[in-house]
Amino acid sequence: MTEAVIIGTGLHPFGRFPGKPAMDMGADAVRMALADAGVNWPQIQAGYVGSFEVANPDAIVGRLGLTGVPLRGVFNGCATAGTAVAMAARAIETGEHDLTIAIGMDKHPRGAFAADPSVAGIPSWYGQTGLFLTTHFFGMKINRYMHEHGISHETLARVAAKNFGNAAGNEKAWRRTPLTVGEILASPVLNYPLRQFMYCGPDEGAAAVVMCRADQAHKYTTSTPIRVRATALRSRRFGAFEVQSPSVPVGEPVPSPTVDASRAAYEQAGIGPEDVDIAQLQDTDAGSEIIHMAENGLCKDGEQERLIAEGATEIGGRLPVNTDGGLLGNGEPIGASGLRQIHEIVLQLRGTAGTRQVPGTPRVGYTHLYGAPGVSAVTILST
Amino acid sequence: MMKQKPVADGLFTWPPTTQPRLIGTECTACGLVSFPTESHCVRCGSPEAKERLLADSGTLWTFTTQGFRPPSPPYDGSDTAATFEPYSVGYIELPGEVLVEARLTEPDPEKLSIGQRMRLTLVPYTVDVDGTEVLTFAFTPADEPNEPNEPNEPGESDQPDEPEEQS
């Protein structure tokens with residue numbers, strides 16, 4: 001198969017932008033990605049566009065140029081951008097196209113996501129009685145995990161402090177005020193053991209990535225092409241403990257779709273977790289980052305307590321995680337979130353991440369998304 | 001006495017008794033127990049299932065608290081952001097059957113622990129426009145002093161409790 005490489009990325013800042021539609025943020029991100037790649041919009045042969053709030057995200061061509069390009073809207077919960085990236089890469093790998101783009105954009109109102117449970121195939125009483133909140137799942141999953149694997153409340157706070165600290169050095173991040181472990185532990189409990197400053201918030205933003213055949217990258221840009229070594233997506237299996245579940249089967253729990261997607265990605269890439277130099281993991285909350293370290297094979301269950309105390313996941317540590325601030329620091333515009341992760345990995349692998357550049361020469365980068373109703377997307381990138 | 005009704009028909013036994021039961025289904029092909037009732041088995045895909053009353057007690061598998069009023073809709077509690085009282089939710093393992101997500105009557109996480117024994121009860125959570133009190137199911141610590149329900153039948157506590165969680 002032909003290999004796909006990333007030759008350009010564009011990131012619209014994440015945060016709140018009153019009066020600016022998501023589509024305009026998406027178009028800005030596309031223009032930045034095209035400029036970075038040295039590509040003109042009419043050269044793009046196919047695109048995959050993800051959004052939760054924009055009904056027809058492929059309508060973005062109205063702002064970019066009506067070239068007749070096949071543009072497909074995708075949605076897969078919080079794994080939306082991972083799906084768009086996978087499809088853009090696959091189109092090149094299979095030889096269907098030589099030059100593709102993945103785009104994500106969203107603009108969410110303030111507060112926790114609210115929806116009619118019926119859209120998730122769940123009966124009305126579940127929402128009426130106050131059970132239909134994704135944050136419950138994250139609180140309950142990390143509470144059980146802490147019980148089984150000896151993770152402390154302070155470790156939760158350290159993860160949040162690290163991500164807000166990283167975001168402070170990222171001019172495109174939303175939450176740029178550093179917070180101390182003490183301040184985080186003093187914030188109100190929202191869903192025990194998770195506190196206000198341990199959660200990410202829905203916000204606004206957009207990102208885009210341009211890809212081409214590896215053997216054609218030199219035609220467009222002099223930047224180091226970033227190889228797409230693997231893209232894997234998995235949905236939940238029977239017996240897995242997943243978000244928005246009125247019940248769970250008894251018996252030995254089945255691994256989360258993250259474990260399945262991660263294993264598939266390592267196998268595709270021929271790269272093991274020990275080779276990963278930098279990772280961007282879904283940190284919907286501080287507990288999720290901790291659990292996802294193990295579910296992605298980057299450590300054993302329970303090792304996080306020591307690794308985090310030693311600073312292993314900080315910039316400069318053995319395995320930097322969420323160097324751009326992650327979801328905690330950037331918020332989550334659903335359709336764009338995974339493309340933001342890839343943008344950061346591309347900067348880090350190129351060595352152009354500025355003040356938050358990981359020292360040494362990172363060669364392998366890893367990104368991971370998890371979302372409702374139980375879907376995970378993993379990419380492995382390398383120089 | 002105030003008129004009462006269940007939040008949904010077929011969710012738990014009604015009219016209320018001293019010991020309510022949740023209503024689930026059991027797949028006639030593979031035996032999988034589901035809650036709430038399901039028309040298709042999520043394990044084997046069979047459309048054939050029979051109704052089954054689930055055990056009225058079990059152990060707390062995990063829990064969390066709800067510290068802010070949930071977005072409304074879909075939440076329809078009659079409280080407001082100002083009168084909202086935090087509550088807890090958890091998964092209760094009904095041994096050999098299914099883990100059920102439910103509200104818990106104990107809102108203080110320090111008084112809850114993984115492995116704790118819990119029993120089903122019904123709680124009013126909102127009042128309808130015509131003044132009818134609406135009830136939903138919840139689990140309550142089984143050793144609570146003012147436990148309104150009758151004690152467990154002998155022989156049901158066949159599952160040894162897990163060690164208490166360090167708080």
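From a predicted model like this one, the values you see are computed outputs, not experimental measurements.
Going from atom CG of B:D76 over to atom CD of A:Q128 covers 4.5 Å, rounded to the nearest 0.5 Å. The line from CZ of A:F132 to CD of B:E101 is 11.0 Å long, rounded to the nearest 0.5 Å. Remark: B:I114 CD1 to A:M140 CE distance equals 11.0 Å, nearest 0.5 Å.
Residue contact with chain B, scored on non-hydrogen atoms closer than 4.5 Å, involves the backbone and the side chain of A:S245 alike. With a 4.5 angstrom heavy-atom cutoff, A:F138 does not touch chain B via any of its atoms. With a threshold of 4.5 angstrom between heavy atoms, B:Y125 approaches chain A through side-chain atoms but not through N, CA, C or O. Of the atoms belonging to B:L11, it is side-chain heavy atoms, and not backbone ones, that fall under 4.5 Å from chain A. Looking at A:F241, only its side chain comes within 4.5 Å of chain B, counting heavy atoms on both sides. Both the backbone and the side chain of A:P246 come within less than 4.5 Å of a heavy atom of chain B.
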Exercise for the section: Carefully, step by step, assess A:Y192 and B:E110 under the rule side-chain contact (heavy atoms from CB on, under 4.5 Å). Expected result: CA-CA 10 Å; A:Y192 180 89; B:E110 301 303 329; 4.2 Å; yes
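For the side-chain contact (heavy atoms from CB on, under 4.5 Å) with B:P70, the lone residue among A:L133, A:L131, A:T129 that qualifies is A:L133.
B:T62 places no side-chain N or O within donor-acceptor distance of the main-chain N or O of A:N143, the cut-off being under 3.5 Å.
When all heavy atoms of B:R43 and A:F238 are compared, the pair lying nearest together is CD-CE2, 3.4 Å. Across every non-hydrogen atom of A:R144 and B:W61, the tightest pair is NH1-O, 2.8 Å.
Ranking B:L94, B:L99, B:V98 against chain A, the residue ahead of the rest is B:L99, based on heavy-atom pairs under 4.5 Å. Contacts with chain A were tallied for B:V100, B:V89, B:T136; B:V89 has the most, counting heavy-atom pairs under 4.5 Å.
Residue-environment remark: CG (B:D9) stays at or below the threshold of 12 foreign heavy atoms within 6.0 Å.
Taking the six-membered ring where the residue is Trp, the centroids of B:F12 and A:W125 are separated by 6.0 Å or more.
Here the side chains of A:N191 and B:F68 are in contact, with some heavy-atom distance below 4.5 Å.
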